[in-house]
2 protein chains.
Amino acid sequence: MGDPLPPDLFHPACPGVGLPVQIGDKWTGMVLRCLASGPRRFTELRSALRGVTPKVLTETLRAMRRDGLLTRTEYPENPPRVEYALTPLGRSLLDLLDAARRWSDAHLPEVLAARRAYTGDG
Amino acid sequence: MGDPLPPDLFHPACPGVGLPVQIGDKWTGMVLRCLASGPRRFTELRSALRGVTPKVLTETLRAMRRDGLLTRTEYPENPPRVEYALTPLGRSLLDLLDAARRWSDAHLPEVLAARRAYTGDG
DNA sequence: CCGTATCCCTGACGATACTG
DNA sequence: CAGTATCGTCAGGGATACGG
């Protein structure tokens, strides 16, 4: 109750979830899941992440590459082929995503019930 | 390699991290950590989350209350006192936050190294 | 096939001032 | 103390079209 507040709220790792990389943005988590089963081409990702525009997918992949989460391999063929694959670092995030998914599966009903019950009073 | 893509990318739980609640936004995670040690008053939270404006803190707390992550208790005293406390549901999210923090502590150096090594080529 | 180039729009977040 | 009210900014995301 009267305990001191945590002194490390502004740990350099990152405010909020405490992750130095974005997995809470709109597409990064889904890209990680898509690549969990093996390398994928740009178009494969694009169709799996239905609704993503090429611009945004490019931005997402670039940021992930910058952070060492995935690699981009260009094959000098015709037509051109480019493959994206998770690095070990990227793969290590899958555990975290799974934990999030498990929480979600376990508690979504509670959240929805809370939303229905919420009135704004009090 | 040729494995099928995960069929459940658009699970109702939520795109991205797969959470029905926002913990990836700017303040929710930090509020959860602040309340981990016990109930807190509005002003306590405000000073712990240095830089947060009252408007944004109110919005954050309201959303968390709506989702059943915390309760708001008003004590009819003078001066007024209001306490925010985690529900069991909110407390259950602390495990996830800790997992995120552990990932961060373990892998932040790798991420920073990847950023330094990143050139934009290839 | 694999992107880039523009333009636009919304919503999270913040600054500031004020109230029961 | 515990908020509300207004206004403004800015970046993520999207629509659309085009290029190597």
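A quick note: this is a predicted structure, and the numbers were derived from the prediction, not measured. Here is how names work: the chains are called A, B, and so on, in the same order as the sequence lines, proteins then strands, and each is numbered from 1.
Checking C:dT4, C:dG3, D:dA2 against the side-chain heavy atoms of A:V82 singles out C:dG3 as nearest. When each of C:dG20, C:dG14, D:dG14 is scored by its nearest atom to the side-chain atoms of A:W27, the top-ranked nucleotide is D:dG14.
Using a 4.0 Å cut-off between a side-chain N of Lys or Arg and a carboxylate O of Asp or Glu, A:R72 and A:E74 qualify as a salt bridge. With salt bridges taken as basic N to acidic carboxylate O contacts below 4.0 Å, one links B:R33 and B:D98.
Between B:R41 and the phosphate of D:dC1, there is no side-chain N or O to OP1/OP2 separation shorter than 4.0 Å. Side-chain N/O atoms of B:R62 include one lying less than 4.0 angstrom from OP1 or OP2 on D:dT4. Side-chain nitrogen and oxygen atoms of A:R50 include none within less than 4.0 Å of the OP1 or OP2 phosphate oxygen of D:dG14.
If you take CG of B:L49 and P of C:dC13, they are 12 Å apart, rounded to a whole angstrom. Summarising the geometry, the separation between CZ on A:R46 and C1' on D:dG14 is reported as 12 Å, rounded to the nearest angstrom. As rounded to whole Å, 16 Å separates atom C1' of C:dG3 from atom CD of A:E44. Rounded to whole angstrom, the span from the NZ atom of B:K26 across to the C1' atom of C:dA12 amounts to 10 Å. Across the protein-nucleic acid pair, A:R40 atom CZ and C:dG3 atom P stand 16 Å apart, rounded to whole Å. Whole-Å rounding puts the B:N78 CG to D:dC1 P distance at 12 Å. Nucleotide C:dA12 holds its P atom 19 Å from the CE atom of B:M30, rounded to whole Å. For A:R81 and C:dC2, the CZ to P distance is 9 Å, given to the nearest whole Å.
A donor-acceptor pair under 3.5 Å is formed between the side chain of A:S47 and the backbone N or O of A:E44.
Using a 4.0 Å cut-off on heavy atoms, the residues of residues 52-61 of chain A that approach DNA chain C are A:P54, A:K55, A:T58, listed by number.
B:R40 and B:T43 share no side-chain donor-acceptor pair at under 3.5 Å.
Taking the centre and axis of the six-membered ring of B:Y118, the NZ or CZ atom of A:R66 falls outside the cone set by 45° and 6.0 Å.
Note that CD of A:E110 is 4.5 Å distant from CG of B:L89, once rounded to the nearest 0.5 Å. Put simply, CG on A:L96 and CG on B:L96 are 6.5 Å apart, with the number rounded to the nearest 0.5 Å.
A:Y84 comes within contact range of the sugar-phosphate backbone alone, with a heavy-atom separation under 4.0 Å but no base atom that close.
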